[in-house]
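Accompanying notes for the structure given below.
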Protein chains: 2
Amino acid sequence: MTVTLKDVAQAARVSVSTASRALTGTGLTSERTQQRLTRIARELGYRPNPIARGLKTGQSRLVALLVHNLTNASFQVMAEVVQARLKALSYQMLLCIGGDDPQQESDTLTTLVDHRIDGLIVVPTGKNGPQLKALAKDVPIVCLVRRDDATDLETVLADDPQGAYLGTRHLIELGHKRIGLIVGRQDTTSGRERLSGYVRALREAGITRDDTLIHAGHFVPETGATGCRKLLDLSRPPSAIFVANHEATLGVLRVTAERNIAIPDDLSLLCYEDMPWFEWHRPAISIVDNGARDLANLAVDRLLHRMEAKGNGNDGVREYRVGARLIKRDSCRQLDAPVSTRSTKPKSPSKSSAAKSSASKPAKV
Amino acid sequence: MTVTLKDVAQAARVSVSTASRALTGTGLTSERTQQRLTRIARELGYRPNPIARGLKTGQSRLVALLVHNLTNASFQVMAEVVQARLKALSYQMLLCIGGDDPQQESDTLTTLVDHRIDGLIVVPTGKNGPQLKALAKDVPIVCLVRRDDATDLETVLADDPQGAYLGTRHLIELGHKRIGLIVGRQDTTSGRERLSGYVRALREAGITRDDTLIHAGHFVPETGATGCRKLLDLSRPPSAIFVANHEATLGVLRVTAERNIAIPDDLSLLCYEDMPWFEWHRPAISIVDNGARDLANLAVDRLLHRMEAKGNGNDGVREYRVGARLIKRDSCRQLDAPVSTRSTKPKSPSKSSAAKSSASKPAKV
DNA sequence: CGATAGACTGCAATCGATTGCAAGAACGCT
DNA sequence: AGCGTTCTTGCAATCGATTGCAGTCTATCG
């Protein structure tokens, strides 16, 4: 059915080995035969069989990316970046979804290595350290976003301490003194690191840490809802909330909406990691960008480096940090300034009273 | 490095062929040797090499899913479903992102077939019909969500005419007579079909179609924004907008927010396809669910069927439709009923005047 | 007790490439 | 012309499995 190297060789009246050498461009064939074979191969529509080649060379030209899910916008971006980069090098990306579940991660890892992937970028659950460590002997691995403390794998991390610091400082500079923090579980690196950045910014500003303003929880929207309620119900509620647990954002938005809390007038809101709709939201939501695109690019760089180095790509560096940056939009307001009194333009066919509107206006003047 | 079948055979003092037969369970070996080999293989940690096996059997145990992007929530769901289903059958999913770009689609298809995938589920751009047709001779293919008219490939489609009909009828039943429609490009199947469903519902209700209420455009948020503005600026603006172009939803939401239009009090809003945050949004957004989960499951069913049938899985059926369904949440209101006057509970630390709130309250009583 | 079917097992070819080794061709040099 | 290089090319082994064919061994039957 399909054209094999043998067919090409026969058509050109040379041996398979010559054909192979000519087509792979080893420089071991004469200029003339090389061109002739290239032409014939093209005419016949020959396409090398990666499976056969892989059997011999031990390579598959497959690189896997194992993430927790595709719901998280960061992972989407990363997947697209990785796919684009790899494609340019004629690798195929194997995108796998591990669901942040150790068992599933373990199964997937096994399958992947069976398939003789040439490289792996993984967001580890942290529960399969030994396995990862063992696999790393066979295939280049780079960890992404999370570190697996049980291994000494090269890891590309977001600079969470800095990101949380930047965000918190931004709020402080806007005059906020009581800043609520909703953050991830404290048994994860990112959870701990973001808390530490928050604390550092407070300390630098001479604000004493108030633990009632801190809510840590699982990576689900409910965490945001309960955390937000808890914060709002305090006798002295915060004037700003920093949602440093990405998945919790939805919960926070819902609670503020339910309670008719105007953002940023009643409450400033700063979130961690972007979502595609954040800038379409009214008010557009300010964020700390963890640099998903940069993270992915760096991870690919490091992986390729290791793949080329064939087992000794140890440059000594074990951990890379990608800087976070603040993206100011409209959800945080200067605290000491009076509540904005810009002109509302109700030229829309608004039949309802002014008492309800579906969103506050942009905070920018 | 890794354990091969040969190693297992040697350890068991049998030939490779016997080892192979015992481990693959062909029933051609004695019970005893089979068990013995299974045990030894396990002890040695033997894992068959899919590449070598694939070379001989012509199978790769790789099934590809080619979608446009991962931003679309439907595609996310589909990817997760496909991955889960395939995994249970020990296939690996190759998730590829085509970007709705014909060139990229074409390249990707070539690569995939080179890798000897065992099956393919593809959301076609519609511009690579000939290629798809040719590939279909070598590998089972099922089209998903979109049809490629240049082929006669088996296709699993959402029932867009019905979905749009259901949605429109819902709005009509709520008393709406002027219903704006923001829909996709009319050179796509889904764009045309959704428009037709909308028109049918109007006709059935005896409402004459008003083309000024219809806005068709590209699959980007901007389409929603311009469409929404256009509709709102009409001398007789609609009382409800049906956003049947998924990507346009963000634009519509932004414009309504900017203009302080309360949903559903001032304007009812119905969208097509879910997004994870729709039910967290205030008001929770009613949608027509295209059944992404069902679509993906059916596509997998059909693909597996064809893969097993080995080239003659032609059951005569060429097109499958998966029913859409309406999910009522809080963004559509009964038109003739008075604007809701439920008690607002501003127990939140609202320092701002009542004139602004970040969202309207839930519409449900 | 010999013949024969049936159950296991092993040999060797095969899938489609890559690659070490050696033979043959072409060329330059003295 | 003779000899040694350098280029090209082909032969054959190899990667790690699967599988047709044939041979061995046991058991069963006449």
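Quick note on labels: first sequence line is chain A, next is B, and so on, each numbered from 1.
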Return the angle between end axes of the helix from C:dC1-D:dG30 to C:dT30-D:dA1, with five pairs used per end and rounding to 10°. 60°
Round to a whole Å and report the spacing from NE2 of A:His115 to P of D:dA17. 14 Å
Nearest-angstrom distance from the residue atom CD1 of B:Ile51 to P of D:dT18: 14 Å
Distances under 3.5 Å between protein N/O atoms and the N/O atoms of nucleotides 19-23 of chain D, please, pair by pair.
unit_1: D:dG20; atom_1: O6; unit_2: B:Arg21; atom_2: NH1; d: 3.4

With heavy atoms under 4.0 Å as the rule, sort A:Pro48 into base, sugar-phosphate or nothing. sugar-phosphate
Near A:Arg321 CZ, under 6.0 Å, is it more than 12 heavy atoms from other residues, nucleotides or ligands? yes
Nucleotides 22-27 of chain C: which of its N/O atoms have a protein N/O under 3.5 Å away?
none

Show your working on side-chain hydrogen bond (donor to acceptor under 3.5 Å, both in side chains) between A:Gln92 and B:Thr111 and close with a plain yes or no. CA-CA 8 Å; A:Gln92 249 301 313; B:Thr111 316; 4.7 Å; no
Is there a donor-acceptor pair under 3.5 Å between the side chain of A:Arg61 and the backbone N or O of A:Ser90? yes
Under 3.5 Å: donor-acceptor pair, side chain of A:Asp118, backbone of A:Gln59: no
All salt bridge (charged side-chain N to carboxylate O under 4.0 Å, His left out) counterparts of B:Arg53, not counting sequence neighbours: none
For A:Gln131 and A:Thr110: C-alpha separation, side-chain torsions, deciding distance, then whether side-chain hydrogen bond (donor to acceptor under 3.5 Å, both in side chains) applies. CA-CA 9 Å; A:Gln131 187 182 11; A:Thr110 310; 3.2 Å; yes
Please list, by residue number, the residues of residues 28-37 of chain A whose heavy atoms come closer than 4.0 Å to an atom of DNA chain D; answer none if no residue qualifies. A:Leu28, A:Thr29, A:Ser30, A:Thr33
Before you tell me yes or no, could you show the steps for A:Asn290 and A:Val145 under side chain to side chain contact (heavy atoms under 4.5 Å, CB included), namely the whole-Å CA-CA distance, both residues' side-chain angles and the distance that decides it to 0.1 Å? CA-CA 10 Å; A:Asn290 66 348; A:Val145 177; 5.9 Å; no
Who passes salt bridge (charged side-chain N to carboxylate O under 4.0 Å, His left out) against A:Asp101, sequence neighbours left out? none
Take the protein atom CZ of B:Arg61 and the nucleotide atom P of D:dG16, then report the distance between them rounded to whole Å. 21 Å
Distance below 4.0 Å between A:Arg53 side-chain N/O and C:dG16 OP1 or OP2: no
Tell me which nucleotide among C:dA17, D:dG16, C:dT18 gets nearest to the side chain of A:Ala52. C:dA17
Worked verdict on B:Met307 versus B:Leu89 for side chain to side chain contact (heavy atoms under 4.5 Å, CB included): CA-CA 12 Å; B:Met307 285 166 58; B:Leu89 297 162; over 6 Å; no
Taking atom P of D:dT8 as reference, at what distance in whole Å does atom CG of A:Leu23 sit? 16 Å
Please check this pair: side chain of B:Arg116 against backbone of B:Asp114, looking for a donor-acceptor N/O pair closer than 3.5 Å. yes
Go through it in stages, so that I can follow the logic: the residues are B:Glu247 and B:Asn72, the test is side-chain hydrogen bond (donor to acceptor under 3.5 Å, both in side chains), and I'd like the CA-CA distance, side-chain angles, deciding distance and then a yes or no. CA-CA 8 Å; B:Glu247 285 77 5; B:Asn72 190 308; 3.2 Å; yes
If you draw a 6.0 Å radius around NZ in B:Lys87, do more than 12 non-hydrogen atoms from other residues or ligands fall strictly inside? yes
A:Gln59 CD to C:dA17 P, straight-line distance once rounded to whole Å: 16 Å
Roughly how many Å is it from CG in B:Asp7 to C1' in D:dC15, rounded to a whole number? 13 Å
For B:Ser15 and B:Ser17, what are the C-alpha separation, side-chain angles and deciding distance, and is it a side-chain hydrogen bond (donor to acceptor under 3.5 Å, both in side chains)? CA-CA 5 Å; B:Ser15 70; B:Ser17 22; 3.0 Å; yes
